[in-house]
Amino acid sequence: LTPVIPSKEGLLNLDLEANYKKVFFGDRQGNLLSFNGLIPGPRLEAKPGDTVQITLINRLNQPTHLHYHGLHITPQGNGDNIFLSVPPGERLTYKFTLPKTHPGGTFWYHPHHHGHVAEQVFGGLAGLFIVRGELDELPEIKAAREEFIVLQDFDINPGMPSPMARMLGREGPIVTINGQVNPKLAIPKGGLLRLRLLNASPARFYQLKLEGHSFQLIATDGGAIAAPIELQEILLAPGERVEVLVKGDREPGQYRLVNIPYNRGGMMMMGGPMGMGPMGMGRGMDQTNLQTQEAQPLATLTYEGTVSPLPLPQKLIPVEALAAPNVTRPIEMSMAMGPGMTIAFLFNGQTFDEQRSDINSKLNTIEEWELTNVISGRIAHPFHLHTNPFQIMSRNGQSEPYRAWKDTVLVKSNETVRIRIPFRTFTGKTVYHCHIFDHEDLGMMGTVNIQSA
């Protein structure tokens, strides 16, 4: 079981060592990366207003550092500052305070050293960061059994990725939940199961279905929504999180949580389509092949015991309606090929340059960004913004069906997604990027400089 490190008397304090780890999956042995010898790393839990002090110790042979994905904290100093670097053999202490108004939610931490992100996250460096809040205190939520699901895929003997693997985003043949292959989940007859799901893979998408059951969505990346929404399937792009309730209202038995093959697109190469299959990089799969692929079991749900039937909550936490924007900005996603089959992914025609300020925003304003994916070949990009959560306003002109706080949004090929961002609390320089980490490492990242109004 993944150990939990909670805050005590307003302080969450720990050492976090990034190091190499020998792993076994059945009779297969290989080398991955771990935080404190664990895959995933320890689950951290804090409350609004807590101070967080984490000393990162780098035992890798390359530089690294930490990003606190989804947390609304300072991007300056030793906070969520992705411009910091921890060289091999050195350590760095991060220290920041969660605002007292910080929403509860399912957040996470992972490396974010540009150029090494995909390799280090694919190696296993990731962990949950839970902020306990108002949603946790609702009686129906409190009565539910809580499970944490970290979805990761691995290649235990990866070698150097090919140019095609980097262009599509690397995937591994071993898919795990909390570092295990097909673990068991339990629910009591009549009870509720609260699943907190994180896609911590560097490129793999998860389209999830639970046999015989529906999901009741109660929270997204940035915390609770206003009321439960029933879903039959959930699509999680890299970096996304959801919280759902499952009702224990079926006959006792075994029910599989499965990953349904999802075509996240591919590139048009050498006169033909290069598809992105569910089990590996660069397999030539068309939609017909994908539809005949079997769903991949990820976990097995069993019924254990019986409780008095628990009701679903009718209302959760209201979600603020954002005012009209002060500024609207276009952001175009594209790709360029260079000499020797080198590849670059671009925002507004440019690759990442940390010395450049791509967007200058003002504190206490609201902006609307129009994200357009113009890359051919149906390749999709999960867009992630640091520091400030946002709301999705529309996709190709169609309004979103419900209001929610997000920090990662999928932008499919030939799609335009409008997001609305309130710039609050913190000034400083931060970033936005594609959360297929190979794309980020290949240039698909930009900077935002938040200045005082």
Side-chain angles (χ1 to χ4, degrees), residues 2-3 5 7-8 11-23 30-46 50-71 73-98 107-129 150 152 154 158 160-161 170 179 200 202 239 352-356 384 386-387 426 428-431 433 435 437-438 440-443 445 447:
T2 302
I5 301 177
S7 61
K8 296 178 181 178
L11 176 66
L12 176 60
N13 186 22
L14 75 147
D15 290 346
L16 202 61
E17 181 182 273
N19 208 340
Y20 300 93
K21 179 178 176 63
K22 185 176 289 186
V23 295
N31 295 299
L32 293 176
L33 308 177
S34 69
F35 284 126
N36 291 1
L38 303 164
I39 298 175
R43 186 171 87 236
L44 313 182
E45 294 204 0
D50 283 349
T51 295
V52 178
Q53 184 169 293
I54 297 174
T55 299
L56 175 64
I57 303 161
N58 184 8
R59 303 296 186 200
L60 309 178
N61 62 9
Q62 56 188 216
T64 190
H65 69 190
L66 289 178
H67 165 47
Y68 300 92
H69 184 127
L71 292 185
I73 56 176
T74 179
Q76 297 194 66
N78 283 19
D80 192 21
N81 184 346
I82 71 110
F83 302 104
L84 297 173
S85 180
V86 186
E90 297 194 14
R91 63 181 63 204
L92 173 71
T93 298
Y94 291 84
K95 189 172 184 179
F96 54 86
T97 299
L98 294 171
F107 308 101
W108 62 301
Y109 60 92
H110 62 78
H112 208 292
H113 199 286
H114 187 59
H116 301 289
V117 186
E119 178 181 353
Q120 292 179 7
V121 175
F122 194 44
L125 292 177
L128 282 167
F129 194 118
V150 180
Q152 294 172 287
F154 301 110
M160 290 294 292
R170 65 193 83 181
F352 176 62
D353 180 354
E354 70 174 80
Q355 302 303 321
R356 189 179 64 228
H384 172 52
H386 289 211
T387 306
F426 301 109
K429 196 172 184 179
T430 188
V431 295
H433 60 87
H435 219 276
F437 282 134
D438 282 295
E440 183 217 302
D441 284 337
L442 291 168
M445 185 155 65
T447 61

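We're numbering straight along the sequence, starting at 1.
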Do any pairs count as a salt bridge (charged side-chain N to carboxylate O under 4.0 Å, His left out) and have a residue in residues 111-128, sequence neighbours left out, and if so which ones? none
So, taking the atom named CG in Leu84 and the one named OG1 in Thr64, what distance separates them when rounded to the nearest 0.5 Å? 11.5 Å
Is it true that a side-chain atom of Asp80 and a backbone atom of His386 form a donor plus acceptor pair closer than 3.5 Å? no
Side-chain donor or acceptor of Asn78 paired with backbone N/O of Thr93 under 3.5 Å: yes
Distance flag, aromatic centroids of His384 and His67, threshold under 6.0 Å: yes
Can you tell me how far the NZ atom of Lys8 sits from the CG atom of Asn13, to the nearest 0.5 Å? 10.5 Å
With side-chain contact (heavy atoms from CB on, under 4.5 Å) as the test, would you mind laying out the steps for Phe122 and Asp438 before giving the verdict? CA-CA 10 Å; Phe122 194 44; Asp438 282 295; over 6 Å; no
Side chains of Val117 and Pro111 in contact at under 4.5 Å (non-hydrogen atoms): no
If a pair satisfies salt bridge (charged side-chain N to carboxylate O under 4.0 Å, His left out) and one of its residues is in residues 51-62, list it, with sequence neighbours excluded. Glu17-Arg59
Side-chain heavy-atom pair Val52, Leu44 within 4.5 angstrom cut-off: no
Which residues pass the side-chain hydrogen bond (donor to acceptor under 3.5 Å, both in side chains) test with His110, sequence neighbours left out? none
Considering residues at least two apart in sequence or located in another chain, which fulfil the side chain to side chain contact (heavy atoms under 4.5 Å, CB included) criterion with Asp50? Ser7, Ala46, Lys47
Got a sec, which residues hit side chain to side chain contact (heavy atoms under 4.5 Å, CB included) with Asn31, two or more places apart in sequence or on another chain? Lys22
Gap between atom NZ of Lys95 and atom CD1 of Ile54 - 0.5 Å precision: 12.5 Å
How close do Phe437 and Val121 get, heavy atom to heavy atom, and via which atoms? CE1-CG2, 3.7 Å
Side chain proximity check, Ile39 to Phe154, heavy atoms < 4.5 angstrom: yes
Nearest-0.5 Å distance, CG of residue Leu11 to OG1 of residue Thr97: 9.5 Å
Counting N and O atoms only, with roles assigned by atom type, does the side chain of Thr447 sit under 3.5 Å from a partner on the main chain of Arg356, one being a donor and the other an acceptor? yes
Of all residues at least two apart in sequence or in a different chain, which pass the side-chain hydrogen bond (donor to acceptor under 3.5 Å, both in side chains) check with Asp15? none
Min side-chain heavy-atom separation His112-His69 under 4.5 Å: no
Note: Gln152 and Ala126 closest approach over all heavy atoms is NE2-CB, 4.0 Å
Name all residues meeting the side chain to side chain contact (heavy atoms under 4.5 Å, CB included) criterion together with Leu442; count only those two or more places apart in sequence or in a different chain, and write none if there are none. Arg166, Phe345
Quick one: list whatever passes side-chain hydrogen bond (donor to acceptor under 3.5 Å, both in side chains) with Glu45, sequence neighbours left out. Arg43, Arg132
d(Tyr68 OH, Ile82 CD1) to nearest 0.5 Å is 13.5 Å
Could you pull out the closest heavy-atom pair between Ala200 and Val150, with the gap in Å? CB-CG1, 3.9 Å
Evaluate side-chain contact (heavy atoms from CB on, under 4.5 Å) for Tyr20 paired with Leu33, printing each intermediate quantity in order. CA-CA 5 Å; Tyr20 300 93; Leu33 308 177; 3.3 Å; yes
Are His433 and His114 near enough that their ring centres are under 6.0 Å apart? no
Under the ring-ring contact (aromatic ring centres under 6.0 Å, His included) test, which residues partner Tyr109, sequence neighbours left out? Phe35
Partners meeting ring-ring contact (aromatic ring centres under 6.0 Å, His included) with His113 (sequence neighbours left out): His65, His116
Of all residues at least two apart in sequence or in a different chain, which pass the side chain to side chain contact (heavy atoms under 4.5 Å, CB included) check with Pro75? Thr387, Phe426, Thr430
Answer yes or no: is there a side-chain heavy-atom contact under 4.5 Å between Phe107 and Ile73? no
Are the side chains of Val431 and Phe83 in contact, using a 4.5 Å heavy-atom criterion? yes
Are any non-hydrogen side-chain atoms of Pro42 and Leu16 less than 4.5 angstrom apart? yes
Can you list the residues that meet the side-chain hydrogen bond (donor to acceptor under 3.5 Å, both in side chains) rule with Asn58, with sequence neighbours excluded? none
Test item: Pro40 and Leu128 side chains (from C-beta on) under 4.5 Å apart, heavy atoms: no
List the atom of Ala118, the atom of Pro202, and the distance in Å for their closest heavy-atom pair. O-CB, 4.4 Å
Rounding to 0.5 Å, atoms CG (Asn19) and CD1 (Ile57) come to a distance of 10.0 Å
